[in-house]
Trainee: 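Structure below; questions to follow.
Throughout, numbering of the chain's residues begins at 1 and tracks the sequence. Fair warning: this is a prediction, and the values are worked out from it, not measured in the lab.
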Amino acid sequence: QVQLVESGGGLVQPGGSLRLSCAASGSIFSIYAMGWYRQTPGKQRDLVATITSGGSTNYRDSVKGRFTVSRDDAKNTVYLQMNNLGPEDTALYYCYSEITPTRSRTKYAYWGQGTQVTVSS
């Protein structure tokens, strides 16, 4: 089985910073793209940032210049450094990864359980 476990969410004041982490574990043969999505109540889940296995990154416009996605393949972990946070960044953040499990030839999408980020004074 493969699972993604997130950490690092919490309450932060406007202008503050947080770093999210997401570690993939289990029967993993290969990891491809990794990244982060976020969702607020009553709205769809939106892409925040992704990073390919080659290191190419993609960000939603509203976080460009403030958020940085990175990965450590030795640890099967993806990070999201969030700076200059604003109330509009308040959401449940989900980790995402494309993984081929061992004994499989298929790439699957896996999601973490979500970690809450609240930006408020």
Side-chain angles (χ1 to χ4, degrees):
Q1 300 297 327
V2 174
Q3 62 176 350
L4 303 182
V5 179
E6 300 131 334
S7 60
L11 173 65
V12 64
Q13 292 186 341
S17 298
L18 280 176
R19 188 192 194 206
L20 305 182
S21 300
C22 172
S25 63
S27 302
I28 297 170
F29 175 73
S30 187
I31 300 179
Y32 302 92
M34 305 183 82
W36 297 90
Y37 286 67
R38 67 188 184 189
Q39 188 172 23
T40 54
K43 295 190 176 181
Q44 67 180 18
R45 191 174 298 186
D46 292 326
L47 181 148
V48 176
T50 60
I51 182 168
T52 68
S53 56
S56 297
T57 57
N58 182 45
Y59 298 91
R60 70 180 296 108
D61 286 345
S62 63
V63 308
K64 287 180 180 178
R66 300 188 298 123
F67 290 12
T68 302
V69 62
S70 61
R71 61 191 287 168
D72 184 338
D73 290 334
K75 297 180 179 180
N76 291 342
T77 299
V78 61
Y79 305 96
L80 185 67
Q81 177 66 43
M82 305 184 292
N83 298 328
N84 193 21
L85 285 159
E88 68 279 8
D89 298 312
T90 295
L92 189 59
Y93 283 70
Y94 292 92
C95 172
Y96 165 86
S97 184
E98 298 172 349
I99 295 173
T100 296
T102 54
R103 303 190 200 90
S104 174
R105 297 183 179 180
T106 303
K107 181 170 61 176
Y108 297 95
Y110 291 89
W111 294 89
Q113 78 284 0
T115 185
Q116 179 67 39
V117 172
T118 302
V119 185
S120 176
S121 55

Trainee: If I compare all heavy atoms of Thr90 with all of Thr40, which pair ends up nearest, and what's the gap?
Mentor: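 Closest approach of Thr90 to Thr40, heavy atoms only: O-CG2, 3.2 Å.
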
Trainee: Taking all non-hydrogen atoms of both residues into account, name the closest pair between Leu4 and Ala24 and its distance.
Mentor: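 So the two residues come closest at CD2-CB, 3.3 Å.
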
Trainee: Return yes if some donor-acceptor pair links the side-chain N/O of Arg71 with the main-chain N/O of Ile51 below 3.5 Å, else return no.
Mentor: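 Yes, the answer is positive, given that a donor and an acceptor are paired below the 3.5 Å cut-off.
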
Trainee: Is the shortest side-chain heavy-atom distance between Leu18 and Val117 below 4.5 Å?
Mentor: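 With C-beta onward as the side chain, the pair touches.
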
Trainee: Answer yes or no: is there a donor N or O on one side and an acceptor on the other, between the side chain of Arg66 and the main chain of Asn84, under 3.5 Å?
Mentor: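 A pair under 3.5 Å: yes.
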
Trainee: Measure the spacing between CG of Leu11 and OG1 of Thr118 and express it to the nearest 0.5 Å.
Mentor: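 If I round to the nearest 0.5 Å, the distance is 6.0 Å.
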
Trainee: So, do Asp46 and Gln39 sit near enough that their side-chain heavy atoms are less than 4.5 Å apart?
Mentor: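 Sidechains of Gln39 and Asp46: no contact.
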
Trainee: Would you indicate whether the side-chain heavy atoms of Val48 and Phe67 approach each other to under 4.5 Å?
Mentor: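 Yes, close enough: below the 4.5 Å cut-off.
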
Trainee: Which pair of heavy atoms, one from Ser121 and one from Pro14, lies closest together, and at what distance?
Mentor: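 Looks like N-CD, 3.7 Å.
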
Trainee: Can you name the nearest heavy-atom pair linking Met34 to Ser97, along with the distance?
Mentor: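 The answer is CG-OG, 3.6 Å.
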
Trainee: If you link ILVMFWY side chains whenever their heavy atoms are less than 4.5 Å apart, which other residues fall into the same cluster as Tyr37? By chain and number, please.
Mentor: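 Leu47, Leu92, Tyr94, Tyr96, Trp111, which link up through side-chain heavy atoms under 4.5 Å apart, make up the rest of the cluster.
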
Trainee: Same cluster for Val63 and Leu80 if Ile/Leu/Val/Met/Phe/Trp/Tyr side chains link at under 4.5 Å?
Mentor: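 In one cluster with Val63: Leu80, yes.
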
Trainee: Should the heavy atoms of other residues, nucleotides or ligands under 6.0 Å from NZ of Lys43 be counted, would the total exceed 12?
Mentor: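 Not more than 12 within 6.0 Å, no.
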
Trainee: So, Thr77 and Asp72: side-chain donor and acceptor under 3.5 Å apart, yes or no?
Mentor: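 Note: Thr77 and Asp72 side chains miss the donor-acceptor criterion.
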
Trainee: Does Lys75 come within less than 4.0 Å of Asp73, counting only side-chain N to carboxylate O?
Mentor: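 Judged by the 4.0 Å cut-off on N to carboxylate O distance, Lys75 and Asp73 do not form a salt bridge.
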
Trainee: Hey, quick one: are Tyr108 and Val78 part of the same hydrophobic cluster, counting side-chain heavy atoms closer than 4.5 Å, chains of contacts allowed?
Mentor: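 They do share one cluster, since a chain of ILVMFWY contacts under 4.5 Å joins Tyr108 to Val78.
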
Trainee: Hey, is the main chain of Thr106 close enough, under 3.5 Å, to the side chain of Ser104 for a donor-acceptor pair?
Mentor: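 Checked: pair present.
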
Trainee: Determine whether Glu98 and Tyr110 make a side-chain contact, defined as any pair of heavy atoms from C-beta on separated by less than 4.5 Å.
Mentor: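 Counting from C-beta outward, Glu98 and Tyr110 never come under 4.5 Å.
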
Trainee: Quick check for you: to the nearest 0.5 Å, what is the distance between Met82 atom CE and Arg38 atom CZ?
Mentor: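 Nearest 0.5 Å value for the CE-CZ distance: 9.0 Å.
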
Trainee: So which atom in Tyr59 and which in Ala49 form the shortest heavy-atom distance, rounded to 0.1 Å?
Mentor: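 Looking at all heavy atoms of both residues, the closest pair is CD2-CB, 3.5 Å.
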
Trainee: So does Gly55 get a backbone contact from the side chain of Thr52, meaning a donor-acceptor N/O pair under 3.5 Å?
Mentor: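 Yes; at least one donor-acceptor contact below 3.5 Å.
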
Trainee: Examine Tyr79 and Ile99 and state if one hydrophobic cluster contains both, with Ile, Leu, Val, Met, Phe, Trp and Tyr joined whenever side-chain heavy atoms are less than 4.5 Å apart.
Mentor: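 Different clusters.
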
Trainee: Please tabulate, for the side chains in residues 25-32, all donor-acceptor contacts under 3.5 angstrom to protein atoms that are two or more places apart in sequence or on a different chain.
Mentor:
none

Trainee: Evaluate the criterion side-chain contact (heavy atoms from CB on, under 4.5 Å) for residue pair Gln81 and Ser17; output intermediate values, then yes/no.
Mentor: CA-CA 7 Å; Gln81 177 66 43; Ser17 298; 4.0 Å; yes

